[in-house]
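Got a structure here, written out as structure tokens. Questions coming.
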Amino acid sequence: MPAFRLSPAVGCLLAAAAGILTTLTASPFELWWLGPVAAGLIYLGIHTLTPGQAALRGWSYGLGLFGSGASWVYVSIHDYGYTGVPLALLLTVLFVAGLALFPAVTLWLYRRLTGPRLAWLSFAGAWVLGEWLRTWLFTGFPWLLLGTSQVDSPLAPWAPVGGVYLLSLITALTGSLGVELLRRRWWAALPVAALWLVPLVLPTQWTSPAGEPLRVALLQGNLDQAIKWTAEGQREAANRYSELTRAHDDDPDLIVWPEAALPMFEREARPILERVQSNLAPDTALLTGILQRDGEGLYYNSVIGLGEVEGEYRKTHLVPFGEYLPLESLLAGTIAFFDLPMPAMTPGPEGQAPLRAAGTTIGNAICYEIIYADRVAAQARHAALLLTVSNDTWFGRSIGPLQHLQMARLRALENGRQVIRATSNGVTAIIDERGHITARAPQFEIASLAGEVTPMQGLTPFTRTGSWPTWLLAALLVLPGLRLRRKP
């Protein structure tokens with residue numbers, strides 16, 4: 001059967017639809033089986049395109065993906081960036097169109113450098129290399145990676161082996177091989193079967209308990225973001241978290257407040273924290289997100305502890321336009337959205353040691369950091385438990401917080417570590433080492449989530465190596481498809 005041929009317009013429409021299908025694989029929809037379908041729609045007839053046409057197809061895919069799956073940025077810009085509707089829409093469109101350049105560049109290079117030889121293999125490798133590029137270029141944005149959706153699929157046991165990028169690779173391979181099957185290349189059924197059947201014989205548990213379960217309480221203050229940084233918001237935050245903490249008369253081993261729970265710097269918050277500590281049981285530790293200002297005038301987004309807690313953590317990967325302003329000399333003061341509600345943060349040092357609290361070691365990821373698989377794996381190598389504190393109020397009532405939670409679940413599965421997630425207004429949750437939610441607080445309510453978590457020992461293959469073996473494998477898969485000589 002000859003190769004599929006689609007008109008460029010139809011191909012772009014199908015690509016945009018594939019982007020929307022990829023969003024449907026993510027939370028809250030979780031239709032994971034659409035992942036291979038989306039990849040297959042992009043692969044369909046791609047070798048009949050010029051590099052420019054392939055780039056346009058990739059850009060269309062990106063518009064569909066980020067337009068449907070990351071449009072929550074409008075909430076941050078309009079509702080909390082105090083930007084009018086027309087300008088907020090414009091900035092959202094620019095954000096989506098800019099992110100869509102990543103798949104556009106990926107497919108342009110793919111068609112420029114490869115031919116039809118073993119195309120199903122090189123396509124999957126190129127897909128993952130494109131996701132790798134999106135992970136670090138311009139500070140990175142590894143949101144809505146194809147593999148994230150597979151946390152609940154039969155492919156999930158691959159996650160502790162190679163992480164999210166291996167899941168992306170297998171999903172893209174399934175899509176390209178599916179197209180080959182439609183072309184009556186029946187041999188493609190064998191590798192598809194292998195990719196989906198091997199998980200049946202992979203270990204179901206790579207790690208084991210390192211001690212007795214800990215009793216934890218995760219507090220969700222549900223403060224109004226619009227007034228949080230006012231004097232009224234500061235008083236309300238101090239009262240609410242103090243009251244929620246006092247209400248726990250069962251003396252949990254660990255209490256956690258979310259990111260920047262008290263909207264003030266640590267120095268101003270110390271009297272409040274000392275009063276809270278005086279009411280804690282001797283064996284109860286408390287961890288809270290807090291903003292710090294050091295003696296040199298530098299500001300940090302941090303996690304600190306009260307009680308028997310050793311160490312602190314300072315956020316390493318900051319959010320552009322949220323915690324610092326790129327090109328500040330050009331953008332500062334131009335529109336309200338670029339005026340940060342607090343001083344620009346400074347990134348913490350790389351390689352920070354885990355905290356020690358409640359008798360166990362705790363690896364940290366503040367908010368956005370949980371979406372970076374390799375950063376979390378670096379913490380998990382030396383920690384028995386993972387903690388992420390976040391302020392997802394910026395997402396409003398969009399699908400953003402649910403996508404964020406899904407990525408935290410995958411980090412738990414990748415590393416065989418239980419994850420405790422404390423947020424300002426949801427989704428606060430406890431996640432076991434297989435990525436399953438064992439307890440969850442309702443969104444947009446004042447809540448105190450109590451439960452048990454078990455410290456874990458041992459390392460998964462992914463925790464040991466991180467993503468580089470999968471990135472290397474992806475590059476090797478592209479090699480057989482490279483055109484050694486250019487057509488005249």
Side-chain angles (χ1 to χ4, degrees), residues 19-35 38 64-80 92 95-96 99 141-153 156 159 164 167-168 171 218-223 225 256 258-259 319 322 365-373 376 386-414 418-432 434-447 449 451:
I20 296 171
L21 292 181
T22 305
T23 293
L24 292 177
T25 68
S27 289
F29 314 103
E30 298 177 0
L31 303 177
W32 55 262
W33 51 273
L34 289 175
L65 174 62
F66 299 113
S68 61
S71 55
W72 41 257
V73 73
Y74 173 84
V75 177
S76 300
I77 297 172
H78 175 261
D79 293 5
Y80 302 114
T92 302
F95 173 76
V96 169
L99 285 175
F141 188 72
W143 200 281
L144 293 171
L145 299 180
L146 188 63
T148 301
S149 62
Q150 302 305 308
V151 67
D152 291 311
S153 86
V164 62
L167 293 177
S168 289
T171 305
L218 312 180
L219 308 189
Q220 180 176 289
N222 193 37
L223 298 166
Q225 186 68 28
V256 183
E259 178 187 17
V319 181
I366 297 178
C367 191
Y368 190 60
E369 291 181 312
I370 198 69
I371 76 175
Y372 289 86
V376 176
L386 293 175
L387 165 67
T388 177
V389 295
S390 185
N391 177 16
D392 284 1
T393 311
W394 300 102
F395 294 123
R397 293 180 177 267
S398 70
I399 60 178
L402 301 173
Q403 295 171 342
H404 207 183
L405 174 65
Q406 186 180 43
M407 287 179 270
R409 292 178 56 210
L410 186 53
R411 301 294 90 84
L413 177 61
E414 288 169 338
Q418 299 197 1
V419 172
I420 49 179
R421 185 170 193 264
T423 70
S424 296
N425 72 341
V427 181
T428 297
I430 299 172
I431 306 167
D432 71 14
R434 297 186 185 182
H436 301 144
I437 297 173
T438 60
R440 173 174 174 167
Q443 279 185 278
F444 316 118
E445 294 182 14
I446 300 171
L449 181 65

Rounded to the nearest 0.5 Å, what's the gap from OG1 on Thr25 to CG on Leu146? Could you check?
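So the gap between those two atoms works out to 6.5 Å.
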CD1 of Ile420 to CG of Leu387: how many Å apart, nearest 0.5 Å?
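Separation between the atoms: 4.5 Å.
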Do side-chain atoms of Gln418 reach the backbone of Ala412 as a donor and acceptor pair under 3.5 angstrom?
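No, Gln418 side chain to Ala412 backbone: no donor-acceptor pair under 3.5 Å.
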Tell me which one of Glu445, Gln220, Arg440 satisfies side-chain hydrogen bond (donor to acceptor under 3.5 Å, both in side chains) with Thr428.
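Going through Glu445, Gln220, Arg440 one by one, the side-chain hydrogen bond (donor to acceptor under 3.5 Å, both in side chains) with Thr428 is satisfied by Gln220 alone.
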Hey, could you give me the CG/CD1 distance between Leu386 and Ile431, rounded to the nearest 0.5 Å?
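CD1 of Ile431 is found 9.5 Å from CG of Leu386.
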Check for a donor-acceptor pair, side chain of Ser390 on one end and backbone N or O of Thr423 on the other, with a separation under 3.5 Å.
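A pair under 3.5 Å: no.
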Using the test salt bridge (charged side-chain N to carboxylate O under 4.0 Å, His left out), find all partners of Asp432 that sit at least two apart in sequence or belong to another chain.
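Testing Asp432 for salt bridge (charged side-chain N to carboxylate O under 4.0 Å, His left out), a comparison that skips the adjacent residues, returns none.
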Looking at Gly147, is its backbone amide N or carbonyl O close enough to the side chain of Gln150 to form a donor-acceptor pair, meaning the two atoms are under 3.5 Å apart?
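It does not hold such a pair.
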Out of the candidates Leu145, Leu413, Leu410, only one should pair with Leu167 under the side chain to side chain contact (heavy atoms under 4.5 Å, CB included) rule; please name it.
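Only match with Leu167 under side chain to side chain contact (heavy atoms under 4.5 Å, CB included): Leu410.
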Rounded to the nearest 0.5 Å, what separation is found between the OG1 atom of Thr148 and the CD1 atom of Ile371?
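The distance works out to 9.0 Å.
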Who are the side chain to side chain donor-acceptor pair (under 3.5 Å) partners of Trp143, not counting sequence neighbours?
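Partners of Trp143 by the side chain to side chain donor-acceptor pair (under 3.5 Å) criterion, ordered by chain and then number, come out as Gln403.
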Quick one: CG on Leu144 to CE on Met407, what's the gap to the nearest 0.5 Å?
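Leu144 atom CG to Met407 atom CE measures 6.5 Å (nearest 0.5 Å).
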Heavy-atom donor-acceptor pair, Gln406 side chain to Ser27 backbone, under 3.5 Å
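Yes; judged by distance alone, with no hydrogens or angles, the pair exists.
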Rounded to the nearest 0.5 Å, how far does CG of Asp392 lie from CH2 of Trp72?
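That separation rounds to 9.5 Å.
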From CA spacing to verdict: side-chain contact (heavy atoms from CB on, under 4.5 Å), Leu65, Thr23:
CA-CA 6 Å; Leu65 174 62; Thr23 293; 3.8 Å; yes
Sequence-distant partners of Ala373, side chain to side chain contact (heavy atoms under 4.5 Å, CB included), two or more places apart
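Counting only residues at least two positions away or on another chain, Ala373 forms a side chain to side chain contact (heavy atoms under 4.5 Å, CB included) with Val164, Arg411, Glu414, Phe462.
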